[in-house]
Amino acid sequence: METKTGVVKDPLYMEHRPSEFHPESPQRLEVLYEMLEEPEVKEAFLKVTPRSCEREDLERVHAGAYIDLVASTAGKPLTSLDPDTQTSPKSYEAALLAAGGCLEAVDEILSGEIQNVFAMVRPPGHHAETDRAMGFCLFNNVAVAARYAQEKHGLSKVMIVDWDLHHGNGTQRSFYEDPTVLYASTHQYPYYPGTGAFEEVGRGSGEGFTVNVPLRPGHGDAEYAGIFRRIISPVGEAFEPDLLIVSAGFDIYRGDPLGGMGVSPEGFALLTRILKNMASEVCDGKLLVALEGGYNLEGLRGAGKAVLLELLGKDAVGDDSSEIESQGRSRVDALIKEFHRAHGERWKGVVE
Ligand SMILES: [Zn+2]
């Protein structure tokens, strides 16, 4: 069956305008939306029109008083909610549409209209916690979408994979004691926001369902592909989610000004393919990819296109990635040891 791929896009996302030289700029989406006009992709995807997120959908993740605080910035000039996070007059509206765009995507994926969606939205979300803005993020788009999929569509399990350069502290916290939402993250460490050690594995009944793979700078396609094929994908196959959501940060791109990783556009394609294959195994390919960080505009354009082509099933890299992976094998072996040390028996026999 031909894969139907949706893209969430809307000009309002460009109206969130943090301070003038902020890396999380409207230009990030301008280059992605320009890319969507390129001949290979232009006619290939279905446009998903976002809606504004309802308050009850936000409240599954965020405190009422915090939603009120963000709402109070509407129409006001530049307001700082955190040292890194500012709002402009239309930021609240854009943030509602970013979360709501992910909900619309979930609706279309779960109705079977579309198999996978790339939500090209901003502001990003994975640092936003229950009661505070953080790290360029206002509302936690993927956390809100996961809870919505469970509450409104009756899904029992959701997996969130976060390949952004930074650890998604807000997402982790939202599901830390919850065995029904598995959060798996690769991230530069130690680094902003400080969380994401191997030992952070979840708590109570959620123990084992938070999977962190912290990384020193300098990792590239070989290590990332190995981690995704040997750790993330088998964990997902054992967990068997009903929906896979990806926090897709493009700040692991080799030229990103905030990051120290070395992933190429081909590497992004490979990660997407590994996750898409995993989703095909466990949940009929139901996959939502949501934009998080990424501050090199060329990287966003090139790697964003590579991800989209993979979602469309237009393979951008060859099927044999074993040669790429072999170059990082010993480093991934060492990470797997650390992973088992932190998780005890939980994933023995699954991750090898
Ligand atoms: Zn990031």
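Read the numbers this way: they start at 1 and go in the same order the structure lists the ligands and their atoms.
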> So does E292 have any N/O/S atom less than 2.8 Å away from the Zn ion (ligand 1)?
Replying inline: no
> Counting backbone and side-chain atoms alike, does H126 have an N/O/S atom under 2.8 Å from the Zn ion (ligand 1)?
Replying inline: no
> With distance as the sole test, does N296 use its side chain to make a donor-acceptor pair with the main-chain N or O of G255 at under 3.5 Å?
Replying inline: yes
> How wide is the angle at the Zn ion (ligand 1) between ND1 in H166 and OD1 in D164, to the nearest 10°?
Replying inline: 100°
>> Please list all pairs meeting ring pair (Phe, Tyr, Trp, His ring centres under 6.0 Å) that have one or both residues in residues 26-56, counting only residues at least two apart or in different chains.
In response: none
> According to the interplanar angle, ranging from 0 to 90°, do the rings of Y66 and H62 count as parallel (below 30°), tilted (30 to 60°) or perpendicular (above 60°)?
Replying inline: tilted
> Sequence neighbours excluded, which residues qualify as salt bridge (Lys or Arg N to Asp or Glu O under 4.0 Å) partners of D284?
Replying inline: K286
> What atom name does the N, O or S atom of D251 nearest to the Zn ion (ligand 1) carry?
Replying inline: OD2
